[in-house]
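Working notes, beginning with the structure itself.
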Number of protein chains: 2
Amino acid sequence: MSTQLAVSAERATAALAAAAGSPWALQPDDAAARSGTPWSTGSVQHFTQDREIYGEGDHAKLFYKVVSGVVRTCKFLSDGRRQIDSFHVAGEFFGLELGQEYSLSAEAVSDCTIIAYRRQGLESLAANDGALSSMLLSHAMRSLARAQEHSLLLGRRSAVEKVASFLIEWAEHSPDRDVATLAMTRHDIADYLGLTIETVSRTLSQLERDGLIDLPTSRQIRLKDLDALRELNA
Amino acid sequence: MSTQLAVSAERATAALAAAAGSPWALQPDDAAARSGTPWSTGSVQHFTQDREIYGEGDHAKLFYKVVSGVVRTCKFLSDGRRQIDSFHVAGEFFGLELGQEYSLSAEAVSDCTIIAYRRQGLESLAANDGALSSMLLSHAMRSLARAQEHSLLLGRRSAVEKVASFLIEWAEHSPDRDVATLAMTRHDIADYLGLTIETVSRTLSQLERDGLIDLPTSRQIRLKDLDALRELNA
DNA sequence: CGATTGCTTGATACCTCTCAACCCAGGTGG
DNA sequence: CCACCTGGGTTGAGAGGTATCAAGCAATCG
């Protein structure tokens, strides 16, 4: 279940700007100066683990920012096979759509807190606000680059390479640079990498036997030999 | 090799607008009214089959529109493995980048004619031109949706499903709705679907034996049983 | 022609999946 | 407190799908 409460301190503009580290990005200061636009405030929502936030095809009237926890966006085939497109951590946006419907589903990987913004009017606003549309474009282009990188992984990398790549990617999200603290299950990892649970598990065990990683707990992975892991990524 | 000649009749604005069929799109009429902007004209170039148009990492000072022929954009691993991101046909843009470098390589699938536009100043122009940035955003978001669909295919579909999906997708580009006329080799198809040449060939032969398609020539594929092919796509 | 290129087909290897058993930690209820 | 159950994770045996290696065919082109 999700609880909602109004929050006025949150301005999506500033948040979007902070997330955009590119020539297209707006300076946070400029953004902070803009206020009172229809979509500048959002409502805080909580979702418990594995709760659906929205489904593919739902009417896309809201977009979201993660405050805490992790969210996955994914697609399903009719027989239930799932492909996870990405994991979203604190500060990241998801659910921004061009059309009327979400093109992915979104679910809570862990218990999480997110802020929902009305998409209403964002299009027309963007048409008259260069800074805002730069931020949106920047966001879209970075997502696109990520998706293309992910396609290379799914189409052309072996199981070890996929897992190594995932570990390196995830370790960068962690406080410690060489310890990946996982919020997700083996099932999530498998569906992100286009593998099965068993293959992910076996591959991690193998990497541990080979001395590239340590597995103190199933959700804590220490990257012992970062160079060797990166080598698998070449 | 590529030949260049200046062309003033081509306006990227109008072209982008025509390509954008969405709420964000600019009307061609409005676009035609705008002219004389620094990037409004491009130079026509010709590339012969398999020529590189640009490489991943090259300085991205131009973007392109296909006039005739087919272009592929792709990524490579260090050992040569290749993943094709997409095929671009007449009227489609490619090479639009956020950063300073191309994130993909682009190559001519067939002999082709393309128009190159200077990216120079596009960012700042977009910041002051709502219609233009809407078009750019629209383009980026449609590319993103395509990439996400492609990830699902690469990560979760079997070889037959991949091939069936490709045939249906490509047949829509063809004059005849139920005949796919291929511009690309089996190698291109394989690298687009995350398979090998041999598996693509075998799968096509199997589909023919099963009566779902005809293969009058290796580049002409008639979709005999579109329903059955769509079924494989579910 | 001979050489080359794209494609098909066959035999076999191997990587990943499938199915199954088992372990472990945590939660629940008697 | 302990028995039990559950869910996530690991491991093993075997199957299966796709890759690899190799040969052959047809069309194209010097």
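So that the names make sense, note that chain A is the first sequence line, chain B the second, and so on, each numbered from 1.
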Whole-Å gap separating [atom2] ([N]) and [atom1] ([X]):
X: Ile197(B); N: dC25(D); atom1: CD1; atom2: C1'; result: 16 Å
X: Gln206(A); N: dT11(D); atom1: CD; atom2: P; result: 10 Å
X: Leu195(A); N: dT10(D); atom1: CG; atom2: C1'; result: 16 Å
X: Leu193(B); N: dG17(D); atom1: CG; atom2: P; result: 18 Å
X: Arg81(A); N: dT18(C); atom1: CZ; atom2: P; result: 9 Å
X: Leu182(A); N: dG9(D); atom1: CG; atom2: C1'; result: 13 Å
X: His187(A); N: dG9(D); atom1: NE2; atom2: C1'; result: 13 Å
X: Asp188(A); N: dG8(D); atom1: CG; atom2: C1'; result: 12 Å

Handout entry: ring-ring contact (aromatic ring centres under 6.0 Å, His included) partners for Tyr102(B), two or more places apart
Key = Tyr54(B)
Phosphate OP1/OP2 of [N] contacted by [X] side-chain N/O (<4.0 Å):
X: Arg219(B); N: dC7(C); answer: yes
X: Thr196(A); N: dC17(C); answer: yes
X: Thr199(A); N: dT16(C); answer: no

Exercise for the section: Step through it carefully: locate the ring centre of Tyr192(A), locate the ring centre of Phe87(A), and say whether they are under 6.0 Å apart. Expected result: yes
Problem - Any N/O donor-acceptor pair, Arg202(A) side-chain to dT18(C) base, under 3.5 Å - result: yes
Practice task
Determine the contact category for Ser201(B): base if any of its heavy atoms lies under 4.0 Å from a base atom, sugar-phosphate if only primed atoms, P, OP1 or OP2 are that close, otherwise nothing.
Solution key: base
Exercise for the section: Between Gln49(B) and Ser205(B), just flag the one whose closest nucleotide in DNA chain C comes earlier from the 5' side. Expected result: Gln49(B)
Handout entry: Residue closer to the 5' end of DNA chain C, Arg186(B) versus Glu198(A) (nearest nucleotide)
Key = Arg186(B)
Handout entry: Single hit among Ile115(A), Val71(A), Ile53(A) for side chain to side chain contact (heavy atoms under 4.5 Å, CB included) with Tyr64(A)
Key = Ile53(A)
Practice task
May I ask you to decide if Ile197(A)'s main-chain N or O and Ser201(A)'s side chain share a donor-acceptor pair within less than 3.5 Å?
Solution key: no
Practice task
Kindly state each residue pair satisfying salt bridge (charged side-chain N to carboxylate O under 4.0 Å, His left out) with at least one member in residues 149-161 of chain B, sequence neighbours excluded.
Solution key: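 Qualifying pairs: Lys75(A)-Glu149(B), Arg81(A)-Glu161(B), Asp191(A)-Arg156(B).
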Practice task
Among dT18(C), dT8(C), dT20(D), find the nucleotide with the atom closest to the side chain of Ser218(B).
Solution key: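 It is dT8(C).
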